[in-house]
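These notes concern the structure reproduced below.
Chain naming here is simple, since letters A, B, ... match the order of the sequence lines and numbering starts at 1 in each. Predicted model, so just to flag it, every value in this text is computed and none were measured. Heavy-atom basis, side chains included; hydrogens, waters and symmetry copies ignored.
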Protein chains: 2
Amino acid sequence: MSSGELAAAAGVNSAKLRKDLSHLGSYGTRGVGYDVEYLIYQISRELGLTQDWAVAIIGVGNLGRALANYGGFGNRGFRIAALLDEAPDVVGSEVAGLTVRHIDHLESVVRSEKIAIGVIATPASAAQRVCDRFVAAGVTSILNFAPVVLNVPEHVDVRKVDLSIELQILAFHEQRKSARDQGKDWVDVLEA
Amino acid sequence: MSSGELAAAAGVNSAKLRKDLSHLGSYGTRGVGYDVEYLIYQISRELGLTQDWAVAIIGVGNLGRALANYGGFGNRGFRIAALLDEAPDVVGSEVAGLTVRHIDHLESVVRSEKIAIGVIATPASAAQRVCDRFVAAGVTSILNFAPVVLNVPEHVDVRKVDLSIELQILAFHEQRKSARDQGKDWVDVLEA
DNA sequence: TAGATTGTTAATCGATTAACAATC
DNA sequence: TAGATTGTTAATCGATTAACAATC
């Protein structure tokens, strides 16, 4: 498949597509194009999707359960390897095929399961404490759903998922729509 | 407060900050700076945060419950106005202070509650059907948590929350870290 | 009036795109 | 060899930043 076809499918410029792909290496053939199958493999490898990543979820409330049951992870190389919680009525129960363990086992679970990514789905009040334990146990990638900004050392990556930001973006567009209906053209300036 | 101070706090260039603020209007005073209180109000208004937006959540499983109980929405102008589901054992139960109604009431709820944003937290199989009903009922902003790409008319905004993308970003960085440990310097090129 | 700081114009920088030599 | 398409260099475009006239 040529860069032109790929670019059209992706909705980008073909020169940009070729330049971007060239960062990964020289996987095309002049006069012929790209082997899509091979390209998918190379990109997946580059993005780390060909590896298997063990994930631990801390906090087995509604959000933790939703994450544990979310099917999309498995086929992208993520394996939910452990669920931990503090509440006695949750510890020991089975969720998404795993037995929930007490949070006291965090350090030993990180070691035995080789946890690469820690997911924090606890209330805000517990998040920093859990984070500190992850960091002390050697986890350097953390996904935080709690509505607090976590303090971590330089070498640790934290990504914060703030569900209300998505709503805010929609609300902003919604407002623009009604403003435009009222002939307030200035809103278009902000579109850019 | 001067643009220099604001820029330092936000970690951006002061000229950029001034230029960006100038898009909203001329809210600074030469020789003096900006009134932060007033600036916050103007920006909030611009972003639509001073309005009250009614939100309906369809699908009251673990994710729907987590969203309904998420505290962060209220103080940003979002009000969960309705929870709808299909399952008889969920309909009629109380979640986050609201009684779950049957999805048959979608159209009437959109009208009576003046729903501005529809949140789809159903299984993938039901998402498009729910989406179509939202659109037919006049909702033009949809937040989709189901792992499917929704088909909507031009004038409808859809935002898709894909939880595995956040994990993928972490995995990519995690891979970079270990690659760097092995002296593979090429990964740094991708950082840009 | 002198000092400070905005809003905006001009200069710089980086990213996107067009063009083309290399080559399948 | 002739046609096609890559990988990359050069040109273009837009966004960021520096500089400064306007003005509080």
How many whole angstroms separate atom [atom1] of [X] from atom [atom2] of [N]?
{"X": "Arg30(A)", "N": "dT23(C)", "atom1": "CZ", "atom2": "C1'", "value": "6 Å"}
{"X": "Asp35(B)", "N": "dT5(C)", "atom1": "CG", "atom2": "P", "value": "15 Å"}
{"X": "Glu5(A)", "N": "dT6(D)", "atom1": "CD", "atom2": "P", "value": "9 Å"}
{"X": "Asp20(A)", "N": "dT8(D)", "atom1": "CG", "atom2": "P", "value": "13 Å"}
{"X": "Met1(A)", "N": "dC24(C)", "atom1": "CE", "atom2": "P", "value": "22 Å"}
{"X": "His23(B)", "N": "dA15(D)", "atom1": "NE2", "atom2": "C1'", "value": "10 Å"}
{"X": "Leu24(B)", "N": "dT6(C)", "atom1": "CG", "atom2": "C1'", "value": "15 Å"}

Salt bridge flag under 4.0 Å for residues Asp157(B) and Arg176(A):
no

Which residue lies more 5' along DNA chain C, comparing Tyr27(B) with Gly31(A) via nearest heavy atoms
Tyr27(B)

Check step by step if side-chain contact (heavy atoms from CB on, under 4.5 Å) holds for Tyr27(B) and Leu21(B).
CA-CA 8 Å; Tyr27(B) 297 135; Leu21(B) 288 181; over 6 Å; no

Would you mind listing the cluster partners of Ile58(B)? Hydrophobic ones only (ILVMFWY), side-chain contacts under 4.5 Å, chaining allowed.
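Its cluster mates, by chain and number, are Leu84(B), Ile103(B), Leu106(B), Val109(B), Val110(B), Ile115(B), Ile120(B), Val130(B), Phe134(B), Val135(B), Val139(B), Ile142(B), Val148(B), Leu150(B), Val152(B), Val156(B), Val158(B).
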
Extract the stems that DNA chain C is part of, considering only consecutive pairing runs of at least three Watson-Crick or G-U wobble pairs, both distances under 3.5 Å.
C:3-24 with D:3-24

Do you know which two heavy atoms are closest between Lys177(B) and Thr140(A), and how far apart they sit?
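That closest heavy-atom pairing would be NZ-O, 2.6 Å.
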
Between Arg65(B) and Val90(B), does a side-chain contact (heavy atoms from CB on, under 4.5 Å) hold up when you go through it step by step?
CA-CA 11 Å; Arg65(B) 279 163 214 269; Val90(B) 177; 4.1 Å; yes

Ignoring backbone atoms, test whether [X] places a side-chain nitrogen or oxygen under 4.0 Å from the OP1 or OP2 oxygen of [N].
{"X": "Tyr34(A)", "N": "dA4(D)", "result": "no"}
{"X": "Thr29(A)", "N": "dC24(C)", "result": "no"}
{"X": "Ser26(A)", "N": "dG7(D)", "result": "yes"}

So which of residues 9-19 of chain A are in contact with DNA chain D, with a heavy-atom cut-off of under 4.0 Å?
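Nucleic-acid contacts, sorted: Arg18(A), Lys19(A).
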
When you measure from the side chain of His105(B) to the backbone of His102(B), do you find a donor-acceptor pair of N or O atoms at a distance under 3.5 Å?
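Between the backbone of His102(B) and the side chain of His105(B) there is a qualifying donor-acceptor contact (under 3.5 Å).
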
Criterion side-chain contact (heavy atoms from CB on, under 4.5 Å) on Gln175(A) and Trp53(B), from CA distance to verdict
CA-CA 10 Å; Gln175(A) 166 160 279; Trp53(B) 302 96; 4.2 Å; yes

Do Tyr38(B) and Gln42(B) get their side chains close enough for a donor-acceptor pair, meaning under 3.5 Å?
yes

side-chain contact (heavy atoms from CB on, under 4.5 Å) between Tyr34(B) and Val36(B), worked out:
CA-CA 6 Å; Tyr34(B) 296 88; Val36(B) 176; 5.6 Å; no

